[in-house]
Visitor: 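My structure is below; once you've seen it, I'll send some questions.
Residue numbering restarts at 1 for every chain, and letters A, B, ... go by the order of the sequence lines.
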2 protein chains.
Amino acid sequence: MRAAEPQIDANPLYRQVKARIVQGLTDGTWKPGEMLPSEPALGSLFGVSPGTVRKALDELTAENIVVRRQGRGTFAAELDDNRILFHFFKLTGDDGVRRFPDSRVTGVDRFAPSPEERAALQLSGNVRVIRIARIRLLDDAPVIAETIAVPTRAFPDLDRLGTIPNNIYALYASRYGRTVARAHEEAKAVNADAAAAKDLNVKPGTALLAVARTAYALNGEPVEYRHSLCRTDGFHYQVDLR
Amino acid sequence: MRAAEPQIDANPLYRQVKARIVQGLTDGTWKPGEMLPSEPALGSLFGVSPGTVRKALDELTAENIVVRRQGRGTFAAELDDNRILFHFFKLTGDDGVRRFPDSRVTGVDRFAPSPEERAALQLSGNVRVIRIARIRLLDDAPVIAETIAVPTRAFPDLDRLGTIPNNIYALYASRYGRTVARAHEEAKAVNADAAAAKDLNVKPGTALLAVARTAYALNGEPVEYRHSLCRTDGFHYQVDLR
DNA sequence: CAGTGGTCTAGACCACCAC
DNA sequence: TGGTGGTCTAGACCACTGA
C-alpha cells in the first residue's frame with residue numbers, strides 16, 4: 001500500500017493533526033480534565049493512521065498540553081495547584097520544598113496599560129487592562145507583592161467578581177476559556193523602594209527579585225502580564241537547564 | 001512475525017538503546033561534533049529495529065545531546081558558543097540581545113570545598129577542589145563576578161594550564177572528556193558587600209543577582225559548582241516556562 | 001473482561017545533501 | 001547518484017485500568 005498521502009501543506013501531517021487537537025482544546029470541544037478520544041478514534045476522525053496521531057500526542061505531552069495515563073486515556077491538561085506549582089512557580093524554599101502561597105488582594109480596577117503591559121499583551125489603540133494588586137504570604141509573612149494585568153476584551157467581568165481565587169489560572173480556564181499553556185519570565189535584582197519595603201515588611205534598600213511574566217494561552221495569544229517583587233531570604237528562584 | 005522481544009530489563013528497549021548511545025558518547029566512541037552511525041546501522045549494531053533507534057534518538061535530540069541534520073546524519077552535540085549562549089546562559093540584555101561576555105581570570109588554586117561545593121559535587125572525605133575566580137565583562141564593564149569549583153579527580157591539571165579559555169565547557173569536553181549536558185540553577189537577590197561592590201564597580205548595598213549553578217555531565221555526574229554575582233542594570237535573567 | 005495507552009517491528013516514499 | 005534523516009502507514013503484543 002501507499003506509504004503516505006502527499007502533503008498539501010508545507011507542514012507535516014502530524015503537525016496539522018496537532019493543530020486540530022489544539023483547536024479542539026481552545027474552542028472547548030475538550031475542556032481541561034476531560035478525556036480525548038482514543039488514538040484510533042482520533043485517527044479515523046482526522047483520516048490519518050494511529051501512528052501519526054501518536055506523534056502529535058507525543059509533542060502535546062512533551063509540552064504539558066495533554067496528559068496520557070496508561071490504561072485510562074488521554075486527557076486535556078488541568079491547571080491544578082500541582083501543575084501551577086511545578087511548571088509556573090519557580091520560587092522554592094531554601095530547604096527545597098515548594099508551597100502554595102496564600103494571597104491577599106489589595107486592589108482590582110481598570111487602567112490604561114503601562115508601556116510594558118501594552119507591549120507584552122500586544123494591545124493597540126485606546127484599550128484598558130484590568131489590574132489586580134495582591135500580596136502573597138507564606139505562614140502569614142509577606143513574600144511577594146505583585147500586580148497582574150489582563151486585557152478587558154478577554155476577561156470582561158474579572159473586576160466585578162467580588163473575589164479573586166488564589167489559583168487564578170484555573171479561573172482563566174474555567175470562566176474565560178483561556179488556558180495558560182506557557183509563559184516567559186524575566187528576572188532582575190532591585191533595591192526595595194519605600195512602598196515595596198512596607199508591603200513586604202523589609203527595610204528600604206533590601207535586595208528583592210523582580211520578575212516580569214508574560215503568560216500565553218494554548219493558541220499563543222498573550223493573556224497576562226504580571227510583575228512580582230519577591231523576598232529571597234529563605235527562598236530562591238529555581239531553574240533546570242539543558 | 002513476532003511484534004517484540006520480551007523485555008529483559010524493566011526499562012523499555014529504546015531506553016536501553018538510549019543508554020548505550022549515551023555510553024558511547026561518554027566513553028569517547030563518538031566525540032562532540034562527530035557523526036554517529038546511521039539509524040539502520042545503529043539498529044543492526046544493537047539488534048533492534050530502526051524504529052526503536054529512532055525513538056531513542058528522538059529523546060536524545062529533545063535533550064540536546066545529539067543533533068540531527070536531514071540529508072547529512074546524526075551528530076554528537078557540541079558545546080560551541082551558540083549552544084552555551086542559548087542553553088546555559090540565561091542573562092540577556094534588556095534589549096533582548098545575548099552577547100558572550102569576555103572573562104578576566106583573577107585566581108586559580110586548590111582549596112578544601114565549601115559545604116555548598118561539597119554537597120553539589122557529591123564529594124566525601126578529604127578531597128579538594130580547583131577553584132577559578134573570574135570577572136566577566138561586556139564592553140569592558142564588569143557584569144559578573146564568579147567562582148567555579150570542579151573536583152580535582154576529574155580535572156587533575158586544570159590549575160596548571162596557564163590560561164583558562166572563555167568557553168570553559170568546551171575545555172571540559174575536549175581535555176577531560178566531561179561534556180556538560182544539563183545544569184540546575186538557583187537565583188537570589190542580594191545586597192552587594194564591599195568586595196562585590198569593588199569587583200563589579202557598584203556601590204555597596206546595590207541589589208545583585210546571585211546565581212548558584214550545578215552542572216552535570218552526560219552520565220549524570222556533577223562536574224561543576226559555580227557561584228555568580230551579576231549586575232542586572234541593563235541585563236535580566238530570562239526563562240521560558242511550560 | 002474490554003478498552004486504553006506503551007512498545008516494537010517492518011517497510012514505503014519523500015526531502016535534503018554532498019559528491 | 002547514493003546515502004541520510006523525515007514522515008507516514010500498518011499491525012502485533014504487552015501492561016495497566018476500571019467495571
Side-chain angles (χ1 to χ4, degrees), chain A residues 1-21 24-25 30 33-78, chain B residues 1-21 24-25 30 33-78:
Chain A
M1 132 166 283
R2 249 184 346 358
E5 285 288 342
Q7 291 172 23
I8 313 289
D9 285 28
N11 274 358
L13 237 196
Y14 73 88
R15 280 197 193 275
Q16 300 174 37
V17 169
K18 185 182 166 190
R20 293 182 66 173
I21 295 174
L25 294 166
W30 307 298
E34 286 181 7
M35 182 180 156
L36 273 61
S38 72
E39 295 178 3
L42 286 170
S44 60
L45 176 62
F46 296 136
V48 301
S49 89
T52 302
V53 170
R54 169 164 288 269
K55 184 142 188 180
L57 289 176
D58 279 344
E59 289 201 356
L60 292 168
T61 301
E63 295 168 22
N64 297 308
I65 291 174
V66 126
V67 177
R68 287 194 279 190
R69 293 184 210 136
Q70 185 174 96
R72 295 190 51 200
T74 303
F75 299 83
E78 279 185 283
Chain B
M1 134 163 285
R2 248 183 351 353
E5 286 286 343
Q7 292 172 22
I8 313 290
D9 286 28
N11 275 358
L13 236 197
Y14 72 88
R15 281 198 192 275
Q16 300 175 39
V17 169
K18 184 182 166 189
R20 292 183 67 174
I21 295 173
L25 294 166
W30 307 299
E34 286 181 8
M35 182 179 156
L36 274 60
S38 73
E39 295 179 4
L42 286 170
S44 61
L45 176 62
F46 296 137
V48 301
S49 89
T52 301
V53 170
R54 169 163 288 269
K55 183 141 188 180
L57 289 176
D58 278 343
E59 289 202 356
L60 292 167
T61 301
E63 294 169 22
N64 297 308
I65 291 174
V66 301
V67 177
R68 289 195 277 190
R69 292 184 210 136
Q70 185 174 94
R72 295 189 51 199
T74 303
F75 300 82
E78 281 184 283

Visitor: Let me know the distance between CE of Met35(A) and P of dG18(D), rounded to the nearest Å.
Guide: 12 Å
Visitor: Both Tyr14(A) and Arg72(A) contact DNA chain D. Taking the nearest nucleotide for each, which residue is further toward the 5' end?
Guide: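 Comparing both residues, the 5'-ward one is Tyr14(A).
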Visitor: Starting from the C-alpha separation in whole Å, work towards a yes-or-no answer on side-chain contact (heavy atoms from CB on, under 4.5 Å) for Trp30(A) and Ile21(A).
Guide: CA-CA 9 Å; Trp30(A) 307 298; Ile21(A) 295 174; 4.2 Å; yes
Visitor: Could you list the donor-acceptor pairs under 3.5 angstrom formed between side-chain atoms of residues 40-47 of chain B and any protein atom two or more places apart in sequence or on another chain?
Guide:
residue: Ser44(B); atom: OG; partner: Ala41(B); partner atom: O; Å: 3.1

Visitor: Counting only non-hydrogen atoms, which of residues 36-49 of chain B are less than 4.0 Å from DNA chain C?
Guide: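 DNA chain C contact set from residues 36-49 of chain B: Val48(B), Ser49(B).
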Visitor: Considering residues at least two apart in sequence or located in another chain, which fulfil the salt bridge (charged side-chain N to carboxylate O under 4.0 Å, His left out) criterion with Lys18(B)?
Guide: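 Lys18(B): salt bridge (charged side-chain N to carboxylate O under 4.0 Å, His left out) contacts with Glu59(B), Glu63(B).
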Visitor: Pairs under 3.5 angstrom only: tabulate donor-acceptor contacts from the side chains of residues 66-73 of chain A to other protein residues two or more places apart or in another chain.
Guide:
residue: Arg68(A); atom: NE; partner: Thr61(A); partner atom: OG1; Å: 3.3
residue: Arg68(A); atom: NH1; partner: Glu39(A); partner atom: OE2; Å: 3.3
residue: Arg68(A); atom: NH2; partner: Asp58(A); partner atom: OD1; Å: 2.4

Visitor: Examine dC8(D): is either OP1 or OP2 under 4.0 Å from a nitrogen or oxygen in the side chain of Thr52(A)? Give yes or no.
Guide: no
Visitor: Residues in salt bridge (charged side-chain N to carboxylate O under 4.0 Å, His left out) with Glu34(B), at least two apart?
Guide: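 Salt bridge (charged side-chain N to carboxylate O under 4.0 Å, His left out) check on Glu34(B) returns nothing, list empty.
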Visitor: Identify, residue by residue, the members of residues 54-70 of chain A with a heavy atom below 4.0 Å from DNA chain D, and return them in order of residue number, or none.
Guide: Lys55(A), Gln70(A)
Visitor: Without decimals, in angstroms, what is the distance between Leu13(A) CG and dC13(C) P?
Guide: 17 Å
Visitor: Val53(A) and side chain to side chain contact (heavy atoms under 4.5 Å, CB included): which partner among Leu13(A), Val48(A), Thr74(A)?
Guide: Val48(A)
Visitor: Represent DNA chain C in dot-bracket notation, 5' to 3'. Only Watson-Crick or G-U wobble pairs with both distances under 3.5 Å count; pseudoknot-style crossings use [ ] and interstrand partners use |.
Guide: ||||||||||||||||||.
Visitor: Any idea which heavy atoms bring Leu36(B) and Ala76(B) closest together, and the distance?
Guide: CD1-N, 3.7 Å
